[in-house]
Amino acid sequence: MTSGQYRNQFHIPQVNGEDSIYLCGNSLGLQPKKVREYVNETLEDWASLGVEGHLHARHAWLPYHEFLTQSMARLVGAHDSEVVVMNSLTVNLHLLMASFYRPTADRYKILIESDAFPSDRYAVASQAKWHGLDVDDAIVLWRPKPGKHLLELDDLEDILRVEGEQIALIMIGGVNYYTGQYLNIPEITRMGHDYGITMGFDLAHAAGNVDMQLHEWNVDFAAWCSYKYLNSGPGSLGGIFIHDRLGQDLSIPRLSGWWGHNKTTRFRMRDEFDPLPGAEGWQLSNPPILPLAAMRASMELFDEAGIGQLRETSRENVQYMYDALASSGKIQIITPENPDERGCQLSLMVGKDGRPMFDYLTSQGVIADWREPDVIRIAAAPLYNTREDVERFVKLIDSYT
Ligand SMILES: *Cc1c(COP(=O)(O)O)cnc(C)c1O
């Protein structure tokens, strides 16, 4: 199925009077047409009901986040109790580290990948600093081999053999934002657990892109945003996963707020904090309903299509692009050649003369992403990109001289 049966459910940005070739879902997903209806519903209920909307809105605000839980859990392969939608991504990384990065004198290091997304690097470095640690000592980088772009498991194994007993937390991107490399999450989780390390993943570029089984893979925790492949609108809320092994343990210290408190006594306002079991017990605040309404529109489409089926679609489109671009001789692709080691993003290293090529593509209606100094990232998002999109893109590359 490469026809893109869900494409007409989205607003496609127009360039030069026709559909743009929108290959930027890795950065900001497109707007599902239903978003307007769901957001309007919330606006109308607020206008007509005021505070009564908490209980009497068509979708009551009090439990609103729960309308998204099953869909999110399905998407990442989790039990419903292991997932909640709350806050945004970097905030959630900090909240999760507050619980799951608790350094001791012997075990205090955090391992991340060397080209992690900047916010993740700032987050882990600031956590180390906040615990009074020396960042250079506490942060361990997993690097590609010299001259290479992709991470290899034997290098991780080498690090673990030397420093594994000192590493408290491994927190890496499931799909790397820069190279598009999809890491072997279950294997890496096993490797880390063998050394007693807590395993967290940033799934910003994985959620809605690849199919995962976080529960079965025994991942400890994960967080992702919803405005990339999950099409929930700029700055919309993030999701978290906490494995039930941990989430059901009410004694785990956490930074708390009233929305994580036992629902039946939440409004008595006086009780000692009584955490909800599962990921919900990590919520702090009552969530903003408007972006959650937008998210409902997108998650309905994921529910209908199924992430497994969507993954198949994007595999075909990405393979088509990969083969065509690789044989064009004009572009070096740094994303893995093995389809199991990538999602729907290809990272094209276009060299020092690449910027004019990017500008040409832009002038011809391509919306893609330029990363200094010389990388173009393109993503064939599973829900709305079609075979026609990728064919148009490949034709433009062919015609560029
Ligand atoms: C997009 C992205 C972010 C952005 O973080 P926000 O807190 O949502 O602004 C962080 N980390 C990774 C890996 C990302 O891809």
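Below, all heavy atoms of this structure are taken into account, side chains as well, without hydrogens, waters or symmetry copies. Atoms within each ligand, like the ligands themselves, are counted from 1 in listed order.
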Next item on the list: Kindly check if the number of other-residue, nucleotide or ligand heavy atoms within 6.0 Å of CD (Glu272) is above 12?
Entry: no
Checklist line | Residue, atom name and distance, where the atom is the protein heavy atom closest to atom 3 (C) of ligand 1 | finding: Phe117 CE2, 3.4 Å
Next item on the list: Within a distance under 4.0 Å of any heavy atom of Thr90, pick out the atoms of ligand 1 and give their elements.
Entry: 5 (O), 6 (P), 7 (O)
Check: Any idea which protein heavy atom is nearest atom 11 (N) of ligand 1, and the distance to it?
Finding: Asp120 OD1, 2.6 Å
Check: With ring centroids as reference points, do Phe267 and Trp258 lie under 6.0 angstrom apart?
Finding: yes
Next item on the list: Measure centre to centre between the rings of His149 and Tyr178, then say whether the value is under 6.0 Å.
Entry: no
Next item on the list: Give a yes/no verdict on a cation-pi contact between Lys34 and Tyr6, requiring under 6.0 Å between NZ or CZ and the six-membered ring centre and an angle within 45° of the axis.
Entry: no
Item checked: Heavy atoms of other groups near Lys263 NZ, more than 12 under 6.0 Å -> yes
Checklist line | Distance filter under 4.0 Å to Asp202 heavy atoms, resulting ligand 1 atoms | finding: 11 (N), 12 (C), 13 (C)
Could you go through residues 202-211 and list every donor-acceptor pair under 3.5 Å that involves a side-chain atom there, pairing it with any protein atom two or more places apart or in another chain?
{"from": "Asp202", "atom 1": "OD1", "to": "Ala204", "atom 2": "N", "distance (Å)": "2.9"}
{"from": "Asn209", "atom 1": "OD1", "to": "Cys344", "atom 2": "N", "distance (Å)": "3.0"}
{"from": "Asn209", "atom 1": "ND2", "to": "His205", "atom 2": "O", "distance (Å)": "2.9"}

Note to self: I'd like the name of whichever of Trp224, Tyr227, Tyr122 reaches closest to atom 4 (C) of ligand 1 through any heavy atom.
What the structure shows: Tyr227
Margin query: Taking 4.0 angstrom as the limit and counting only heavy atoms of Lys228, give me the atoms of ligand 1 inside it, by number and element.
Written below: 1 (C), 2 (C), 3 (C), 14 (C), 15 (O)
Notebook entry, point to check: Counting only heavy atoms not in Arg245, do more than 12 sit closer than 6.0 Å to its CZ atom?
Noted result: yes
Note to self: Please check whether His205 reaches ligand 1 - meaning an N/O of the residue sits under 3.5 Å from an N/O of the ligand, judged on distance alone.
What the structure shows: yes
Checklist line | Short N or O distance, Tyr177 and ligand 1, threshold 3.5 Å exclusive | finding: no
Next item on the list: Please say whether Ser88 places an N or O atom under 3.5 Å from an N or O atom belonging to ligand 1.
Entry: no
